[in-house]
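Working notes, beginning with the structure itself.
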Amino acid sequence: MSHQIAVIPGDGIGQEVTPAAVEVLETLDIDFEFVEGEAGDYVAEETGEPLPEATADLARDADATLFGAAGEHAADIILPLREIVGSYANVRPAKAYPGLNAVKPETDIVFIRENTQGVYSKIESEIADGVSTLTRVITRDASRKIAEYGFAYAEEHGYENVTIAHKANVMRETDGMFLEAAEDVAAERGADYDTALMDALAMKLVMNPEDYGVIITPNLAGDVLSDLAAGLVGGLGLLPSANIGDDNALFEPVHGSAPDIAGQGIANPSAMILSAAMLLDHLGYDEQSTRVTEAVEAVLADGPHTPDLGGDASTEAFTAAVIDQL
Ligand code: NAI
Ligand code: MG
């Protein structure tokens, strides 16, 4: 069965790392049909529209989308794309690699962040002069769904520790519901887990990240804590992410368009290639996903390295080394 993959390189180094990831996918024996769409600052300049309808349609119709990076219009592109794929789970691995000067080399954590609710409800207004309010929305269904995804992810990927992050001692109704729903799911699955107050968790992550595996979180906490963990492993060029929907999903590196190095052919394509590995995993190509991940890890261990990691290899040379490993 052929899978249609929408490919949206976007701006800056998105134009350099996305073809690298596609090249890696093409070396695997999988029946993928790649369809490329345009989006970005460069498109907005020409047409006034950062995300043309035709590109949105490509993402809507595809089995999965690979997105590179956007520049100044990032929010106008990524937020609609995440909505198009119906993303309820934002999956953010933060894994340190040996020898690359990570602040905490033992870190191997995957954040499973609820992606639709919480303080990002958009129910926000200035109710009186100088007074603004925001409605924090949590539903039992959405909380159960993210917990189901998180516990299943931990099981499938061999993570023994699952932590449910919350602040139910203060936000009794909303996070109370989130926590209860997640604990119900754990009980139904017979799964072990810990719970953690999100503020204390921030401290413990900095001190002892090796104690954590999969962390299931409400929306804002996941946004903040996953960036914190990104700092522990160092290097924006290494961090992939996935936005998972029911029938569709979007895979993108955490980094942006990196205008400071764009056009020089020296961007680190690891985050993008690891995002492609998450795409493979999501579509059921577990074996190929593992092969791609291990190939990137081998090159990260032995080089050649791109300048962000202290080497002088080009994006192309790094990618060629990954393909050699495959
Ligand atoms: P950035 O992630 O583009 O770059 C931050 C720093 O990390 C830069 O020094 C850059 O050279 C380096 N870097 C990032 N990715 C790298 C890679 N793959 N290889 C080597 N070095 C890498 O974030 P910044 O500078 O804050 O934003 C630049 C533009 O990107 C802005 O217009 C911003 O709006 C946009 N942006 C887009 C995002 C997205 O598309 N998801 C996310 C973050 C920012
Ligand atoms: Mg963020």
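Counting begins at 1 with the first residue of the sequence. Remember, it's 1-based here, ligands and their atoms both numbered in the order they're listed. Worth saying up front: this structure is predicted, and the values here are computed from it rather than measured.
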State whether a side-chain donor-acceptor pair under 3.5 Å links Gln117 with Thr139. yes

Apply the hydrophobic cluster definition, ILVMFWY joined by side-chain contacts under 4.5 Å directly or through others, and give me every member besides Phe67. Ile8, Leu51, Ile77, Ile78, Leu81, Ile84, Val85, Leu250

Residues 243-271 vs ring-ring contact (aromatic ring centres under 6.0 Å, His included), sequence neighbours excluded, gives Phe251-His282

Name each N or O atom in ligand 1 that is under 3.5 Å from a protein N or O, and give the partner atom and the distance.
| unit_1 | atom_1 | unit_2 | atom_2 | d |
| --- | --- | --- | --- | --- |
| ligand 1 | 2 (O) | Gly256 | N | 2.7 |
| ligand 1 | 3 (O) | Gly256 | N | 3.4 |
| ligand 1 | 3 (O) | Ser257 | N | 3.3 |
| ligand 1 | 3 (O) | Ala258 | N | 2.7 |
| ligand 1 | 9 (O) | Asp260 | OD2 | 2.7 |
| ligand 1 | 11 (O) | Asp260 | OD1 | 2.8 |
| ligand 1 | 11 (O) | Asp260 | OD2 | 3.0 |
| ligand 1 | 18 (N) | His255 | NE2 | 3.4 |
| ligand 1 | 18 (N) | Asn268 | O | 2.9 |
| ligand 1 | 19 (N) | Asn268 | N | 2.9 |
| ligand 1 | 30 (O) | Ala70 | O | 3.3 |
| ligand 1 | 30 (O) | Ser257 | N | 3.1 |
| ligand 1 | 30 (O) | Ser257 | OG | 3.4 |
| ligand 1 | 32 (O) | Gly71 | O | 3.2 |
| ligand 1 | 32 (O) | Glu72 | N | 3.3 |
| ligand 1 | 32 (O) | Glu72 | OE2 | 2.7 |
| ligand 1 | 34 (O) | Gly71 | O | 2.9 |
| ligand 1 | 40 (O) | Ala70 | N | 2.8 |

Would Asp141 and Arg144 pass as an ion pair if we require N to O under 4.0 Å? no

Should Leu280 and Ile30 be marked as a side-chain contact (heavy atoms from CB on, under 4.5 Å) after you check the CA-CA gap, both sets of side-chain angles, and the distance that decides it? CA-CA 10 Å; Leu280 290 167; Ile30 301 177; 3.6 Å; yes

Contacts of Glu106 that satisfy salt bridge (charged side-chain N to carboxylate O under 4.0 Å, His left out) - sequence neighbours left out: none

